[in-house]
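Data first, discussion second: the structure below is written as structure tokens.
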Amino acid sequence: MTSPSSTVVTRFAPSPTGYLHIGGARTALFNWLYAKGRGGKFLIRIEDTDRERSTDEAVKAIFDGLSWLELFGDEEPVFQFARADRHRDVVNELLATGHAYRDFLTADETTALRDQAKAEGRDFVSPWRDREPSVDDLTKPHTVRFRRPLDQAVAVDDAVQGTVRWESASLDDLVILRSDGAPTYNLAVVVDDHDMGVTHVIRGDDHLNNAARQSLIYDALGWTRPTFAHIPLIHGPDGAKLSKRHGAQAVHEYADMGYLPEAMRNYLARLGWAHGDDELFSDEQALAWFDLTGVNKAPARLDFDKLAHVNAHWLRLADDDRLAKLTLDAHLGRGRALQPDDEERLLRAMPFVKDRAKTIPELADQTAFVLQARPLALNEKSAGLLQGESGQRISRLRERLGLFQSWDVFALEAELKVFAEEEGVGFGKIGPSMRAALTGGSASPDIARTLCALGRDESLGRLDDALQQTK
Ligand code: GLU
């Protein structure tokens, strides 16, 4: 599992206790950018040691979220629980070198002694720290604690937070093996990061204190510490810690809201990291630019307007085929029964609507008109727009378009203009009636674009239907 020391190796190490949330996604992205931008490796480790809270469903949700974001590990994922034997071996090594000790206090005794120490203004230390267990003791249930060096400052040179110091006395003699033989979190993380060859630990700053504890374990084992980089949390738009009331915490909710993964990567990269004033950038640019020095120390705030702006940019650049498929899914999600030519219709319309949408649901709103089945049901208002003189005018335009072969936007625009001039009316006298006939009054782009989006046959057919109905 180890790599040459010159290669950057990062990892994303989620605990599978729920969906992939937006903070986790950003942590994964930063790790991915940092490693992949330096020719290194990005690894994934599922921290499933908490057997009660870890679920297969959550493991799946995390991988689904990462796949949607297109953040793939360079090796098979590591499952932490499966490595418990290795963790226990390291606990034994720490016992053998005197960096750990067996603690035979029961939970109640520990609580009582801890309370007493607190009342006396002392730090709690188990009496077993300095007591040799007898052969008889060894048969009794016990935990194993890390024997931290006392009265020593622990300094962590964090790539984001700078040098952070703790007094070792404040850190407690951490339980590294529970009485049921289960290794604990901080020990497992150190062993796994070491064995996976992780060089940079980039994670949320809620783990900053753990970096101190983990550093002491690295030192005791004679292992090189990784570079730590603790990134600030993401806050809601109001600046408060992200919580249920802000909604949209899970990555899949962003997928459902119609954001594109490349837009999400662009937006998340900017959330807490900056490269000058650049707001819109590609993966290639982010990979070339990303560095821990650009990570902000202050919490980042979610900004949905900005996200929409970034998404609109990536929608414009996206392939029409792909957008047609995603838009079709959105229509089907709204209860549409699939028709054989739906995708073809959406694809034809895509170039004329995609500049105006910020999300996939907006694309669905703006393409609803192309999916309507003939003959369209005209409401009273639409029918009214096709009565009398304006109906006759649309009928003349229908004849003219029937002879018109160059079905492209510019040619159609010019033709409509000439027609309006010949009729001696402004386009305002033609547009609404045409839209009524072509879409039943539904939202659509300007008339030349609507005609192109519908295609020649469908446009002429709809005009015929409407004129027929309103004769
Ligand atoms: N499993 C931890 C979490 O999900 C992360 C641990 C780490 O990155 O070191 O918060």
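Computed over heavy atoms, backbone and side chain alike; hydrogens, waters and symmetry mates excluded. Numbering of ligands and ligand atoms starts at 1, following listing order. Just so it is clear, the structure is predicted and the values come from calculations on it, not from any experiment. Residue indices begin at 1 and follow the sequence shown.
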Can you tell whether the side chains of Asp172 and Arg114 come within less than 4.0 Å, N to carboxylate O? yes

May I ask you to decide whether Asp89 forms a salt bridge with Arg86, counting only side-chain N to carboxylate O separations under 4.0 Å? no

Which option out of His207, His21, Arg203 puts a heavy atom nearest to atom 3 (C) of ligand 1? His207

Evaluate the ring planes of Phe290 and Trp273, with Trp represented by its six-membered ring, and classify them as parallel (under 30°), tilted (30 to 60°) or perpendicular (over 60°). tilted

Would a 4.5 Å heavy-atom cut-off, applied to side chains only, mark Asn311 and Glu362 as touching? no

Do any N/O atoms on Val201 end up under 3.5 angstrom from N/O atoms on ligand 1? no

Atom 5 (C) of ligand 1: which protein heavy atom is closest, and how many Å away? Ala13 O, 3.3 Å

Ion pair present between Arg38 and Asp291, side-chain N to carboxylate O less than 4.0 angstrom? yes

The reported gap from CE in Met196 to CD1 in Ile44 (rounded to nearest 0.5 angstrom) is 9.0 Å

Relative to the heavy atoms of Glu47, which atoms of ligand 1 are at a distance of less than 4.0 Å? 1 (N), 2 (C), 5 (C), 6 (C)

Which of the atoms of ligand 1 are close to Arg11, meaning less than 4.0 Å from one of its heavy atoms? 7 (C), 8 (O), 9 (O)

Ligand 1 atoms in contact with Ser15 (distance to a heavy atom under 4.0 Å): 1 (N), 2 (C), 3 (C), 4 (O)

I need the contact type for Pro14 against ligand 1. Using non-hydrogen atoms and a strict under-4.0 Å cut-off, is it side chain, backbone, both or neither? backbone

Under 4.0 Å from a heavy atom of Tyr185: give me the atoms of ligand 1 that qualify, with their elements. 2 (C), 5 (C), 6 (C), 7 (C), 9 (O)

